[in-house]
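Heads up, the thing below is written out as structure tokens.
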Amino acid sequence: MKTDRTKFLPFVLAAVLCGCAADVERRTSLTPGEVEFERPPGSGEPYLSPGADGRAVLTWIEPEGEASALRLAVRDGDGWSAPRTVRATDQLFVNWADFPSSVEMPDGTIAVHWLEKVAEAPYAYHVMLALSPDGGATWSEPVRAHDDASPTEHGFVSMVPWRDGAGLTWLDGRAMLPDPESGARGAMSVRFRTLAPDGHLGPEVLLDDRTCECCQTALARVNEGLVAAYRDRSESEVRDISVVRGAGEQWTDPAPLSTDGWTMPGCPVNGPQLSGNEQALASAWYTGVGGAPRVHVAFSDDGGATFGPRIRIDEGLPLGRVDIERLDDGSAVAVWLEASDDAPRVLARRVWPDGSMEASVLVSETAGERSSGFPRMVRLADELLIAWTLATDDGGVRVRSVRLSG
């Protein structure tokens, strides 16, 4: 992974959801609205998470002198709050694909994670956490999210509310340090632990000891526990999506979400996403098997134990970078980046488990470079918020609303 300090322009898109079904003409019900929030040039890497009472929490990074600052804003019925600073330092590790995130715990405590450099090596950084009991007005002293203190890569965090606190997964490079005698390196792993509102971290749990090195992880809640998804890596370099299910320290063995058979000698930097509640899950992922890139969606009605047939939703030239949110009627909305003859585009599409779908809707034109980042999305009751990055000359953060009409 390489740090990309190109100027960014993130957006947030809000859509009011209704129970409309797709018709045979493949119409779409998403219509972009007005800009509702802006930040200065150079800001980027946005992430959205749901808060209580219909709130949304937005985090992003922007320059502050010679340093970088992690900011946070909250959207409620009165609009967006003023930006609040979580952390400002020249040691912040800024990366186009591995960005900070937040989670609100059941008691209202907000936890935020970010990456911080720990040595001169290019990819020596740790996952750091801080907590706020007052909506981001004040923050605890940062703590390292993992026990390992080696100067290796740690990142690609996913966090969800869990029990009285939160659960988090991350990619951990502790085994990738060269052996002092042989020089051999181990593999990237994916791990899990819990976080309490007082900052206490539960025991680390190894979920998989050989995974892809720099693809996003995903984590979702179901009635019986948690489901984690990530890009796996076999000894023969097959890099399909795997899932594990569990709660606390007890987890299943990794199982394929879909057997695509994508053999890839290096990391594609294109992880899966999950969305669900109770027993129902929706998943989205990118694959390049056979040299033909695709974006797929699949649904599970048994808490991630099995998934239905994969449904292709792209328009022929996807770049991936997916996210997904499941809706109450059983459908889901996915977003991804799609190449075109003109500018690459951020597209959104609604899809059902039977394979029916609406026409895709243009969220924004963007760029194919790393600076265009990853669209992120969250559902809040009757709204869907989509955050994405648009690289332009002037940059900045903007928020738009999009209505899903009947």
Side-chain angles (χ1 to χ4, degrees), residues 1 49 93 98-103 105-106 109-119 121 123-131 140-179 185-222 224-233 241-255 267 271-272 274 304:
M1 300 179 297
S49 64
F93 185 81
D98 194 0
F99 32 82
S101 70
S102 65
V103 63
M105 300 179 187
T109 299
I110 297 175
V112 171
H113 104 271
W114 67 92
L115 308 179
E116 200 153 313
K117 304 170 193 174
V118 294
Y123 308 122
Y125 51 89
H126 290 166
V127 176
M128 305 301 293
L129 295 165
L131 293 91
S140 66
E141 285 298 312
V143 297
R144 191 175 63 231
H146 38 85
D147 296 337
D148 177 57
S150 66
T152 54
E153 298 178 51
H154 305 76
F156 295 101
V157 174
S158 295
M159 300 193 293
V160 296
W162 176 239
R163 295 176 176 165
D164 63 346
L168 61 147
T169 56
W170 72 96
L171 294 187
D172 192 298
R174 68 184 70 178
M176 299 179 74
L177 281 174
D179 182 88
R185 295 176 181 268
M188 184 66 78
S189 63
V190 62
R191 297 169 186 261
F192 168 87
R193 77 189 317 176
T194 58
L195 173 65
D198 63 0
H200 176 75
L201 288 160
E204 290 188 354
V205 183
L206 177 64
L207 302 183
D208 195 323
D209 64 2
R210 182 181 173 86
T211 69
C212 202
E213 296 86 354
C214 44
C215 284
Q216 294 78 20
T217 64
L219 191 63
R221 292 180 299 168
V222 293
E224 296 180 358
L226 298 169
V227 180
Y230 54 94
R231 189 172 296 282
D232 218 333
R233 179 189 175 198
I241 307 303
S242 287
V243 295
V244 293
R245 297 173 293 115
E249 299 180 47
Q250 301 298 317
W251 291 77
T252 63
D253 291 333
C267 179
L274 295 171

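For clarity, every value in this text was computed on a predicted model and none was experimentally measured.
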| task | Would you mind telling me which of Leu226, Asp253, Thr252 makes a side chain to side chain contact (heavy atoms under 4.5 Å, CB included) with Val244? | result | Thr252

Does [X] use its side chain to pair, donor to acceptor, with the backbone of [Y] at less than 3.5 Å?
| X | Y | value |
| --- | --- | --- |
| Arg185 | Met176 | yes |
| His126 | Ser150 | yes |
| Thr217 | Tyr230 | no |
| Arg191 | Trp170 | no |
| Arg231 | Gly271 | no |
| Glu116 | Met128 | no |
| His154 | Tyr125 | yes |

Side-chain heavy-atom pair [X], [Y] within 4.5 angstrom cut-off:
| X | Y | value |
| --- | --- | --- |
| Trp162 | Leu219 | no |
| Val190 | Asp172 | no |
| Leu195 | Met105 | yes |

| From OG (Ser189) to CD (Glu204), nearest 0.5 Å | 8.5 Å

| From His146 atom NE2 to Arg174 atom CZ, the distance as rounded to the nearest 0.5 Å | 8.0 Å

| said: Show the nearest heavy-atom pair for residues Trp251 and Val205, with the distance to one decimal. | reply: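 For Trp251 versus Val205, the nearest heavy atoms are CD1-CG1, 3.8 Å.
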
| field | Smallest separation among heavy atoms of Pro151 and Val118, with atom names | value | CA-CG2, 4.2 Å

| Under-4.0 Å salt bridge between Glu224 and Arg245 | no

